[in-house]
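Residue numbers count from 1 along this sequence. Note that the coordinates shown come from a computational prediction; the quantities given were computed from them, not determined experimentally.
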Amino acid sequence: RLFRHVGPLDRPGDAAFTQELESLHLRLYGAHADPAWLTEITTLWSAVLEQDGPLYAWETVVSVMLRDPAFLSY
């Protein structure tokens, strides 16, 4: 499973939401997330939520993370 902590009702400010972002960052990039990244990705998630809902917000976040140069897959 990709998501381990967050549920459908979790939102920014909830412990599970932050824990999920930190977990994804560590698993995909092999490093701990810094506060600036957490702020940026949470802002993105919130903006997409307003337009398209939580499922698409998470899809967008994961898509952006996989396109980041920090994510290397061979």
Side-chain angles (χ1 to χ4, degrees):
R1 288 183 31 171
L2 182 60
F3 298 105
R4 297 178 177 174
H5 308 287
V6 75
L9 300 177
D10 291 310
R11 298 292 185 262
D14 296 338
F17 184 90
T18 303
Q19 188 177 13
E20 192 66 63
L21 288 176
E22 291 172 340
S23 176
L24 285 170
H25 193 281
L26 184 59
R27 288 187 291 151
L28 294 178
Y29 302 142
H32 293 283
D34 63 39
W37 181 86
L38 287 170
T39 298
E40 289 176 18
I41 207 75
T42 298
T43 300
L44 171 65
W45 189 93
S46 296
V48 176
L49 172 70
E50 293 294 319
Q51 297 294 313
D52 299 304
L55 179 60
Y56 194 70
W58 281 112
E59 289 175 3
T60 301
V61 163
V62 171
S63 177
V64 166
M65 291 179 73
L66 293 176
R67 292 180 184 152
D68 190 305
F71 177 74
L72 296 175
S73 178
Y74 296 96

For the atom pair OG1 (Thr43) and CG (Leu38), what is the distance rounded to the nearest 0.5 Å? 10.5 Å
Treating Ile, Leu, Val, Met, Phe, Trp and Tyr as nodes and any side-chain heavy-atom pair under 4.5 angstrom as an edge, say whether Leu2 and Phe71 lie in one connected cluster. yes
Gap between atom CG of Leu24 and atom NE2 of His5 - 0.5 Å precision: 8.0 Å
Heavy-atom pair with the smallest gap, counting every atom of Thr42 and Pro12: CG2-CB, 3.6 Å
Would a 4.5 Å heavy-atom cut-off, applied to side chains only, mark Arg11 and Pro54 as touching? yes
Output the distance between atom CG (Asp10) and atom CH2 (Trp58), rounded to the nearest 0.5 Å. 8.5 Å
Do any pairs count as a side-chain hydrogen bond (donor to acceptor under 3.5 Å, both in side chains) and have a residue in residues 25-41, sequence neighbours left out, and if so which ones? Ser23-Arg27
Honestly curious: do Leu21 and Val62 fall in one hydrophobic cluster under the side-chain, below-4.5 Å linking rule? yes
Closer than 3.5 angstrom, by distance alone: can the side chain of Glu20 be matched with the main-chain N or O of Val6 as a donor-acceptor pair? yes
Same cluster for Phe3 and Trp45 if Ile/Leu/Val/Met/Phe/Trp/Tyr side chains link at under 4.5 Å? yes
Quick check: are there more than 12 heavy atoms from other residues, nucleotides or ligands sitting under 6.0 Å from OH of Tyr56? no
Pairwise distance CG(Leu44) to CG(Leu49) - rounded to 0.5 angstrom: 11.0 Å
Give me each pair satisfying salt bridge (Lys or Arg N to Asp or Glu O under 4.0 Å) with a member in residues 57-71, each pair once, sequence neighbours excluded. none
Do the side chains of Val64 and Val61 get nearer than 4.5 Å, heavy atoms only? no
